[in-house]
Number of protein chains: 2
Amino acid sequence: MTDPPGEATAFAPGHVTALFAPYPADDPVRAGSRGAGLALSDGVEATVGPVHGDRRVVRLDGEVVDLAAVTGVLDRLAPDARVAVDATTDLPVGAGFGVSGAAALAVAFAANDALELGRSENELVRAAHAADAAAGTGLGDVVAQFRGGVPLRLEPGAPGHGALDGVPARPRVEYVTFGELSTAAVLDGDLDPVRTAGEDALTRVVRDPTLDRLVTESRRFADEAGLLVPEVREAVEAVDEAGGRASMAMLGRTAFAVGTGLSDAGYDPAACRVHPAGATLR
Amino acid sequence: MTDPPGEATAFAPGHVTALFAPYPADDPVRAGSRGAGLALSDGVEATVGPVHGDRRVVRLDGEVVDLAAVTGVLDRLAPDARVAVDATTDLPVGAGFGVSGAAALAVAFAANDALELGRSENELVRAAHAADAAAGTGLGDVVAQFRGGVPLRLEPGAPGHGALDGVPARPRVEYVTFGELSTAAVLDGDLDPVRTAGEDALTRVVRDPTLDRLVTESRRFADEAGLLVPEVREAVEAVDEAGGRASMAMLGRTAFAVGTGLSDAGYDPAACRVHPAGATLR
């Protein structure tokens with residue numbers, strides 16, 4: 001049994017996936033996706049500390065929850081530790097912001113510090129990535145959330161497997177959410193059209209690594225991959241008409257825009273900014 | 001001739017090299033070092049904008065300067081652009097904080113934005129790394145300054161060549177500087193003892209990626225590599241006696257400590273914190 005833990009808090013940014021090409025694999029460390037997205041200043045903050053009782057407890061915004069990615073990362077890093085996890089987030093869950101990945105990543109950093117596990121950053125990212133992939137809740141959010149900024153995931157998988165680049169930009173980001181969409185359900189469907197559209201879109205972003213190109217290709221990807229849902233299409237077209245640029249967060253019923261696109265189109269969006277850092281201790 | 005530029009500002013953290021094994025190479029993109037250090041919240045902020053006149057002008061803290069790493073990165077990214085660079089820093093120059101690398105990196109990000117160069121983050125880091133290496137002012141600062149945190153440089157070279165990990169920690173850092181030390185002069189000497197001591201130290205830090213280990217190994221490295229200068233040795237020993245832990249910033253006449261080591265030993269140090277993010281647009 002691990003010693004009673006100290007307490008530590010860590011933050012991981014949310015991540016809007018703009019486009020992706022999924023590469024599932026039996027080994028969750030190798031499973032992943034190529035793609036591009038935006039790390040957000042809205043994210044997940046998690047405190048890991050001692051628990052009053054015999055069992056591990058995980059709370060999200062005060063409610064006891066069963067988050068498979070968080071359970072999985074603790075099982076990987078400290079299976080015997082009795083800890084309480086208190087996580088909070090401004091982001092909607094299941095709406096395409098990678099909340100499960102951010103929670104797993106923040107918990108990994110906080111647990112490493114509270115329990116003095118002595119792991120390196122890459123080991124923590126690898127554990128969180130594997131837990132998110134094994135839970136079926138994400139295939140690329142964690143590595144993007146560790147890098148921060150506007151990450152381009154050039155190769156799938158955890159550190160040591162994946163390769164990253166980024167678009168050097170730090171815009172304001174607006175978003176409106178119309179409800180949940182199951183990542184697992186989409187990932188269980190036919191992935192070939194998604195992968196083809198994602199590869200084509202990523203190739204074009206790598207050739208022209210700018211923000212404009214990223215949002216344009218995200219929207220084209222959503223159409224070509226057959227992922228655009230009606231409410232999001234309506235919002236994206238309204239932003240177009242107002243002279244802005246928007247697309248859909250993969251995978252959620254969420255429209256996102258850079259700058260003031262959604263406000264200009266008459267929506268009342270949440271707003272944040274691209275987060276320059278990845279996951280970090282507070 | 002590139003169009004008259006817009007204006008953009010970027011920040012890059014300072015970097016205290018704690019230990020290193022140098023690997024010079026004729027190709028500055030491949031030249032580099034393995035090693036470990038601390039990215040600092042004290043760093044360099046640089047604005048790139050239009051110049052009033054025919055020639056490029058570079059200022060550091062208001063004075064016109066000839067910084068080879070900055071000239072080199074502009075020559076690589078936008079050789080024909082007439083720009084003014086205004087850089088400011090809280091850090092002492094030539095004292096082991098990687099100011100030249102931070103300036104090159106901040107200028108790369110700001111120039112990319114101001115001139116709409118459309119480069120990716122890795123391309124900007126590669127240009128700044130090559131310029132710093134070619135100028136003889138640094139062999140590993142730039143890649144560490146792009147990552148942020150407490151980077152471990154596992155393989156030498158720019159992105160696409162180097163590989164990184166990190167110690168997950170974000171402590172307060174104190175430092176006292178007693179004067180300059182020429183990086184180029186040390187890198188022109190016999191590198192074998194430095195490389196052997198650096199490799200041994202890095203191996204031990206990779207095995208135990210904690211902050212305590214990093215500072216302990218940094219100090220042992222400074223001794224074994226024959227780099228510890230008398231003023232720094234005195235400060236480091238005073239911190240020891242006060243119950244703290246300190247070492248020397250490579251390569252400068254600078255002692256650094258985590259936490260309040262130097263204050264506790266009666267020095268009047270500058271203080272900052274490990275910077276969680278790498279170089280970023282403001």
Side-chain angles (χ1 to χ4, degrees), chain A residues 8-13 36 39 41 77 105-106 108-114 116-126 146-152 154 159-160 162-171 205-214 273-282, chain B residues 8-13 36 39 41 77 105-106 108-114 116-126 146-152 154 159-160 162-171 205-214 273-282:
Chain A
T9 301
F11 171 82
S41 54
L77 293 173
L105 193 52
F109 273 70
N112 182 67
D113 203 61
E116 296 182 2
L117 300 176
R119 304 298 184 97
S120 76
E121 288 185 337
N122 288 0
E123 289 173 326
L124 299 176
V125 178
R126 208 173 290 134
F146 176 64
R147 181 176 174 108
V150 184
L152 304 177
L154 304 180
L164 294 166
D165 198 346
V167 174
R170 219 181 135 191
V205 175
V206 166
R207 211 176 288 147
D208 178 24
T210 61
L211 210 54
D212 266 6
R213 170 65 63 181
L214 180 73
R273 208 179 161 193
V274 161
H275 187 66
T280 176
L281 288 165
R282 282 296 193 201
Chain B
T9 301
F11 171 82
S41 54
L77 291 173
L105 193 52
F109 273 70
N112 182 68
D113 203 60
E116 297 181 0
L117 300 176
R119 305 298 183 97
S120 76
E121 288 185 339
N122 288 0
E123 289 172 326
L124 299 176
V125 177
R126 207 172 291 134
F146 177 64
R147 181 177 174 107
V150 184
L152 305 177
L154 305 180
L164 295 165
D165 198 347
V167 175
R170 219 179 134 191
V205 175
V206 167
R207 211 176 287 146
D208 177 23
T210 61
L211 209 54
D212 267 6
R213 169 66 61 180
L214 179 74
R273 208 177 161 194
V274 161
H275 186 68
T280 177
L281 288 165
R282 280 298 192 204

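Note that the coordinates shown come from a computational prediction; the quantities given were computed from them, not determined experimentally. Just so we're on the same page: letters track the sequence lines, and every chain starts at 1. Reckoned from all heavy atoms, side chains included, excluding hydrogens, waters and symmetry mates.
Here the side chain of A/Arg282 pairs no donor or acceptor atom with the backbone of A/Thr9 at under 3.5 angstrom.
Considering only residues two or more places apart in sequence or on other chains, A/Ala108 meets the side-chain contact (heavy atoms from CB on, under 4.5 Å) condition with A/Val73, A/Leu77, A/Leu124. With sequence neighbours left out, the side chain to side chain donor-acceptor pair (under 3.5 Å) criterion links B/Ser41 to no other residue. Not counting sequence neighbours, the partners of B/Asp165 by the side-chain contact (heavy atoms from CB on, under 4.5 Å) test are A/Ser120, A/Glu121, A/Asn122, B/Arg147, B/Leu152, B/Leu154.
Of all the heavy atoms in A/Ala169 and A/Val150, the pair that sits closest is O-CG2, 3.7 Å. Across every non-hydrogen atom of A/Val125 and A/Phe146, the tightest pair is CG2-CG, 3.4 Å. Annotation for A/Thr280 and B/Pro276: closest pair OG1-CB, 3.4 Å, computed over non-hydrogen atoms.
With a threshold of 4.5 angstrom between heavy atoms, A/Phe11 does not approach chain B through any atom at all.
Using a 4.5 Å heavy-atom cut-off against chain B, the contacting residues of residues 205-213 of chain A are A/Pro209, A/Thr210.
Considering only heavy-atom pairs separated by less than 4.5 Å from chain A, the leading option among B/Ala8, B/Gly148, B/Ala277 is B/Ala277. Heavy-atom pairs under 4.5 Å with chain B were tallied for A/Ala279, A/Gly278, A/Gly118; the largest tally goes to A/Gly118.
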